[in-house]
Amino acid sequence: MTTAAVPVAGSRTGKLGLDPAQVRRARELAAEVGRPVVDLARSHTTVAVERATLRLAGLNGADAEGIPWANRLVDAVRDQVGLEHGVCLPVWEALRGGGYRDLTDLAAHAATRTVPFRIPSGAASVRSEASARAAVARGIARIDERRREREELVARWGNPSGPWIYLIVATGDIHEDIRQARAAAQGGADVIAVIRSTGQSLLDYVPDGATREGYAGTYATQENFRLMRAALDETSAELGRYVRLTNYASGLCMPEIAALAGLERLDMMLNDSMYGILFRDINPVRTFVDQRFSRQLHARAGIVINTGEDNYLTTADAVDAAHTVTASQLLNEYFAKEAGLADGQLGLGHAFEIDPAVPDSFRLELAHALLARELFPDAPLKWMPPTRHMTGDVFHGYLLNGFFNLAGALTEQSILLVGMMTEAVVTPFLSDRDLALRNIRYVLDAAGGLAEDFHPAPDGLIARRAAHVLGEAVDLLGDIRGRGLLDAIAAGTFGGMRRPPAGGRGADGVVARADGYRNPAIDLLETT
Amino acid sequence: MTTAAVPVAGSRTGKLGLDPAQVRRARELAAEVGRPVVDLARSHTTVAVERATLRLAGLNGADAEGIPWANRLVDAVRDQVGLEHGVCLPVWEALRGGGYRDLTDLAAHAATRTVPFRIPSGAASVRSEASARAAVARGIARIDERRREREELVARWGNPSGPWIYLIVATGDIHEDIRQARAAAQGGADVIAVIRSTGQSLLDYVPDGATREGYAGTYATQENFRLMRAALDETSAELGRYVRLTNYASGLCMPEIAALAGLERLDMMLNDSMYGILFRDINPVRTFVDQRFSRQLHARAGIVINTGEDNYLTTADAVDAAHTVTASQLLNEYFAKEAGLADGQLGLGHAFEIDPAVPDSFRLELAHALLARELFPDAPLKWMPPTRHMTGDVFHGYLLNGFFNLAGALTEQSILLVGMMTEAVVTPFLSDRDLALRNIRYVLDAAGGLAEDFHPAPDGLIARRAAHVLGEAVDLLGDIRGRGLLDAIAAGTFGGMRRPPAGGRGADGVVARADGYRNPAIDLLETT
Amino acid sequence: MSPDLTLPEALPEALAEALPEAFPEPPALPHTATTVRPYGDTTDDGMVQLSFTLPVPHGPRADGAALQLARRMGVDRPMLVHSKPIGSAFTFFVVYGPVLHEVDLDTVSVIEREYPLLSAKEVNTAIGERLGRKLVVLGACIGTDAHTVGIDAILNIKGFAGEKGLEYYRELKVLNLGAQVSVPDLVRRAREEGADAVLVSQVVTQRDAHLTNVKELAAELRAEFGDTERPLLVVGGPRFDPDAATELGVDRVFGRGTTPADVASYLVHALVGAPA
Amino acid sequence: MSPDLTLPEALPEALAEALPEAFPEPPALPHTATTVRPYGDTTDDGMVQLSFTLPVPHGPRADGAALQLARRMGVDRPMLVHSKPIGSAFTFFVVYGPVLHEVDLDTVSVIEREYPLLSAKEVNTAIGERLGRKLVVLGACIGTDAHTVGIDAILNIKGFAGEKGLEYYRELKVLNLGAQVSVPDLVRRAREEGADAVLVSQVVTQRDAHLTNVKELAAELRAEFGDTERPLLVVGGPRFDPDAATELGVDRVFGRGTTPADVASYLVHALVGAPA
Ligand code: B12
Ligand code: B12
Ligand SMILES: Cc1ncc(COP(=O)(O)O)c(C=O)c1O
Ligand SMILES: Cc1ncc(COP(=O)(O)O)c(C=O)c1O
């Protein structure tokens, strides 16, 4: 699979002398903590999961008000018969009966509340499910096709030789984004991430069409995905190097965006098991249900996920809370593997966020980064640059980013998100990005194989710190096992954010599955 | 002695596994190459050596045209009786005879060519020499006093804890220099260097008084030395940290400036055995003679010298010519020790000047820097920042300087000259210096004890490169031993500059000593 | 060596100039004490550094354009020290040079604290004595902005820069609504809670989101309460110009590095009056 | 969830605007094709970055002064993003903001090469055929400037950026006098050698040393030879404004990154005339 090419540590570990028993214990605890949450995910559905299923079955587009047909249809079904059985049975039952041209036509009628939905039973149910399955299978086949396409293009154009250089564009206007993404790729970026507008994660629908009006980010829409991927394909061909595209499968529409990403051949996706809960105040159950389905889609699409542990360190202290990052990485790993993702798809996140005024801050960063590297030797770790301690002193910021890049090189991180010197000022300028690329190029080329000369003194500061953080993470997971993950989240364990299980946005979009719940997409993803 | 406090590697060496036999061989060859040059120095004098001697005896000031009395007097003596016997015998003979109030009075008369000079002989010679000796001894006693004063102040205020942070001021105006030096010290500088005006090294006299009219540097004058030292003493008291002052004992007045530095309690001096030859086209013999005397003065004054090998890499390639730096350091060491300097006074220079576009450039820098560190474990090495490959991209320059600082920390250099991001643009702005201080502070604090984790892989790139450079240096010294140092210089061995022994400025100021040559300063410096 | 010394060009005059002034005074201040120019390495040299990108392909034409822009900005003899292509349509520049403009310190509008900085105790006493009830403070990040760290730094007990936040003040009743609060919601809550002051944070500034949101809030508050009855409106965030209160229609703007005590003292000053 | 969806503020309009344009054209060019503004992250946003020091103690007054300066330079709504004391008398600032000025590309003076770039062979042929003798080129660093690397890069065989220097050209007679040559010495040598062109390098620019020295040389050459007989005067160095030839009284100014072929081709153009 294409993701195998992401540089990972493989066998080059062992600089820290971590205790293997401790490492094993950490994973066992993570599994014990995660299991009940998976059970929760398997026994619920959400409006977003159902909409994503319809999108896989080919329901695109939006009405004149910009409300997607998928929303119209799911809302209508829910109004009439609820979602406990899933949207598919009533929808294909109606389609089979009613003389609608297609799903869109059905949705248009449903929006006017003229379609009588019902849950079929017996043979009708079997037939409806089979039709739904056939429709959804076409979407999944399309995802498979896009994945093969990626594999071919990567084979043709090749992968970057070193760590993947990851850059953000965030103008709010897909067309300016494209200009800037092209310039970034020409300047050496391997991965382009299109940041989303501030408000999107709380939208309970995916906007439609090309957009030019985002704030500090551009809406994630299928058309925007398509436009950017096409532009990057053109640039990739020009450069003879496959330039990857990333977006966010996060927020209230996590599974739908995951489906669209697979359909439009995005290559990586920000996707975290807890980010939405903690930083967007999205309902925890909603998030865990949506997350599992979105990850199953990512697994199928060959998409590398990027988790969001870096965010914890923007609100909590990077030294005090280092172990919460480790614990969360272990949880993200557990959830990801349960959903079918391979090691090579686990872009676990962590970050260079220690206050530069702390003595030995760089050595401590090395300790944290190396711990992640050695705990997850086969995962394409994603290393995030300083943000919190960046200031308006852009010169100092440029230097700090250089040391971030160096820590990345010394600890052999896989995906380097490149820091912008204007982090504390504005979303990046075109020139910030170009300067950042020059920064990382210098560091990677000048340091060359320096990792070879980096050997933390046994029992020195770095080794001691790494062992300490791992110990704290194990203790934390032990504690969480006792009280349950939802309770721990409510208590502010991660990022210092307290989020009760019943609170948060989107809770009303969660539905407990009935016994007769059917979702052919999940079936197909789990069995084919 | 105070200089012992300069951080040196001491026993912390041995990371490179250098061959001790090779190291011994290198030193033997340097001695063999240097010995004939020392003989040359011992058998000649120069106008500058004689003027310096008069300055030690108390001859200060200048005439109305700004020409120092020392020049007036030496020129008059030389006109009448030559300098083969030194200036002291005829001068004190005239003083004893003629009813002049003092040396200055004598110089004023001599300038009008009304003093009849002669070389005394027999008892007269003994008496003249004794008077000269007494006068010169007062100057040397004054130097001793200033040295003790420094030791007391350092004891009172303390030394910097890490490497010494060395910063340049270069406005051309001593009063602006003082403002900027104070701000730099307040910002964390441990050593302030006042760069000299472009033209000064070719002046065959030392300007007099406070000056405000230099180009890209400020004239080195006794009054400027005094003003700056006084200002820094004030700032030192304020900060509770002894801030050192540096200038240049270099150019046509090398020995005189060395004398003035001792008298005004400067703490370090740029002083190289070949810089003037190579970069100012000063006559080689003149330089070697002046150098020996100036170093004897520095030894006495407890001044740390800084040699100029970094300059080679501004005209020659830093990789190709790395061994010329090593060879020159070995020669500078030999000459310095012969002149009485202790290991703790040998601020041997080297630099971070490899083209950043060269792959592994940072590792190669580490190899070169570590080689110097391990070859001269007890010397307070002076590590110079990038200049040649600095460009108008000030952001990149700031990063490069950060990596320079890091290389300094990893290889435990003693004196870190802090690079300016505007190196390719202008002599430093006040703000450049402040930013540079923030840069180095970050790097030193963040890297902390990282040197502990830096262990060049045995037989890895770094170790191999260091051994290779040492081998080339030994070969080069072997070759120079065959042909003689003067011939090697003529052939362009160092910095790619070809300088024939008879060429260059100031050649006419060199005089072969007669048998009866007397210089009480040299006698005192060599015997007391 | 000749008796009258061979001197390189141009030095004797320079020295001659230097000589009479054996111990000159420090450099004179700029021509009026209240007028200053940027300082590179000499008083009044005016030196500034500038960088920007032009949408012009790299080349002499782009360089000429960069120099023209610098001159229009008032840089005399700009030095174009760096010019680098970004992609094929843009060029990035670094320029240094002396700017001709001066700053007249007398006309500088300074948002110095126009009120005394009070301790928590003084704040509590002033409110207790002169208001006789708790002062109600409502805080939020409005619009789609979810950056709560700034408003939390001001409001939460934990505080900022070693100072406790407003929740710590006995006589303040603090309600922190958190992130992404819509303007109508906030106005409604202000009414419900009888807020004396509304404190709003805005961190995202792209496309002037912060200005738009704040102006909208100011207008709605006025519409809801009338201009005399409305709660005090205080906005903060790192990219606000502290001078922009009037333009935004708010009472006070706080910028980078604000501390809770700054804010508490201001609230007393504006709502309770100076302490006895 | 309600059937009509709860949308956060301000989004539907934004989306509505976006929708009609299903596949819009790339952003329009600035309002005339020849007028451009700096590009931060959007066409015509005008964003620039600025840093400087003011001789004012750190504090709100200094910050106000910095904003005033930025505004005088034409920065609208400047953002003061960094302000740091340097010692007790100075403050350093970083400012970002949109500059109101535009650059009119039509009025940009472009020193494009106004002559063809010739190969060494073409240069030699042109001189050989049309001059019938070697062209004599005299080079030096004047004043107290000792930076010879630049002039050496142009003159010495070794050359620059992979190109051989002028010494390599068979039909050029090159005399490189090296560092710190005084103006009178250089003028004398130009006479003695019958120089066709004098090439001078100036790298040190502090206190405008380069300008002073070059103007002095230009005046002395004119005094010695008269304006029609004098050798061509070419100056170079990294900090010259290529546009300043007239002001300096020289024939051509070369800046950063000049290559030997640039110079050789210019000499042919100016002294020999275009090749057949
Ligand atoms: C932490 C952080 C986050 C965290 C926020 C967590 C949280 N709960 O707040 C997370 C990771 C979630 C995040 C996300 C995003 N962020 Co953010 N983030 C930052 C970061 C790194 C630090 C901000 C911070 O906490 N500063 C510390 C506080 C204490 O400082 P402060 O806010 O200035 O507050 C002080 C004063 O301004 C004042 N103050 C502030 N508010 C108020 C209010 C009142 C009433 C008063 C009196 C005073 C006051 O007092 C405070 C104490 O002195 C900055 C970059 C940086 N280094 O500044 C980017 C930054 C603010 N983020 C940015 C962006 C774009 C985003 C995203 C929109 C990106 C995206 N599209 O996904 C997202 C979405 C968030 C959203 N919807 O708003 C941009 C904003 C660009 C701009 N100028 O428009 C920044 C500048 C980064 C960048 N250069 O791109 N971010
Ligand atoms: C190498 C160097 C030195 C070497 C010089 C060795 C030598 N033989 O030349 C040494 C170490 C001796 C030196 C000393 C000093 N230097 Co120095 N040095 C530099 C450095 C690092 C590189 C300059 C260089 O070689 N560039 C490479 C060449 C190829 O580029 P170039 O000169 O621009 O030339 C190109 C074009 O400009 C053009 N060109 C140049 N000349 C000409 C002429 C003609 C006719 C034409 C057609 C074209 C042309 O073509 C060339 C090829 O493209 C610069 C910093 C930097 N990174 O730029 C400082 C720098 C030039 N030095 C500087 C200073 C101040 C000094 C000193 C005066 C410091 C002191 N007071 O001690 C001394 C004394 C020198 C003196 N008396 O002039 C300053 C000048 C500041 C200013 N703008 O005024 C600089 C910028 C460093 C700084 N920021 O302080 N220096
Ligand atoms: C996992 C994850 N999702 C999403 C986001 C972005 O936020 P939003 O969902 O508001 O676009 C981030 C921010 O870094 C993230 O790490
Ligand atoms: C040893 C030495 N002397 C002198 C100088 C400075 O040159 P000048 O003698 O022209 O002041 C340098 C420059 O770095 C140097 O290294």
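So you know, we letter chains A, B, ... as the sequences are listed, proteins then strands, and number each from 1.
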Revision key, fill the gap. Counting heavy-atom pairs under 4.5 angstrom with chain B, the leader among A:A457, A:G448, A:G449 is A:G449
Exercise for review: Report the option among A:Y442, A:F454, A:F362 that has the most heavy-atom pairs separated by less than 4.5 Å from atoms of chain B.
Suggested key: A:Y442
Revision key, fill the gap. The side chain to side chain donor-acceptor pair (under 3.5 Å) partner of B:H350 among B:Q413, B:E309, B:H368 is B:Q413
Check your understanding: Does A:E374 use its side chain to pair, donor to acceptor, with the backbone of A:L16 at less than 3.5 Å?
Key -> yes
Point to revise | Pair B:T387, B:E353: side-chain N/O donor-acceptor within cut-off below 3.5 Å | key: yes
Review point. Between A:H396, A:H455, A:M421, A:R441, which residue shows the highest count of heavy-atom pairs closer than 4.5 Å to chain B?
Key: A:H396
**Study point:** Spatial distance of atom CG (B:L381) from atom OG1 (B:T411) [nearest 0.5 Å]
**Key:** 8.5 Å
Exercise for review: Could you label the plane-to-plane angle of the B:Y242 and B:W157 rings as parallel, tilted or perpendicular, counting under 30° as parallel and over 60° as perpendicular?
Suggested key: parallel
Check your understanding: Checking A:D445 against chain B: side chain, backbone, both or neither under 4.5 Å from a heavy atom?
Key -> backbone
**Study point:** Residue part contacting chain B, namely of A:L450, when any heavy atom lies under 4.5 Å
**Key:** both
Study note, to complete from the structure: So, the part of A:Y398 with a heavy atom under 4.5 Å from chain B: the answer is both
Check your understanding: Relative to chain A, which of B:L366, B:V358, B:D360 shows the most heavy atom pairs under 4.5 Å?
Key -> B:D360
Review point. Would you say the ring centroid of B:F403 lies under 6.0 angstrom from that of A:F403?
Key: yes
Practice item. Could you tell me whether the side chains of A:S414 and A:R373 share a donor-acceptor contact shorter than 3.5 Å? Key: yes
Revision key, fill the gap. Whatever's closer than 4.5 Å to a heavy atom in chain B on A:N401 counts as neither
Check your understanding: Using a cut-off of under 4.5 Å for heavy-atom pairs, which of A:A447, A:G402, A:A446 has the most such pairs with chain B?
Key -> A:A446
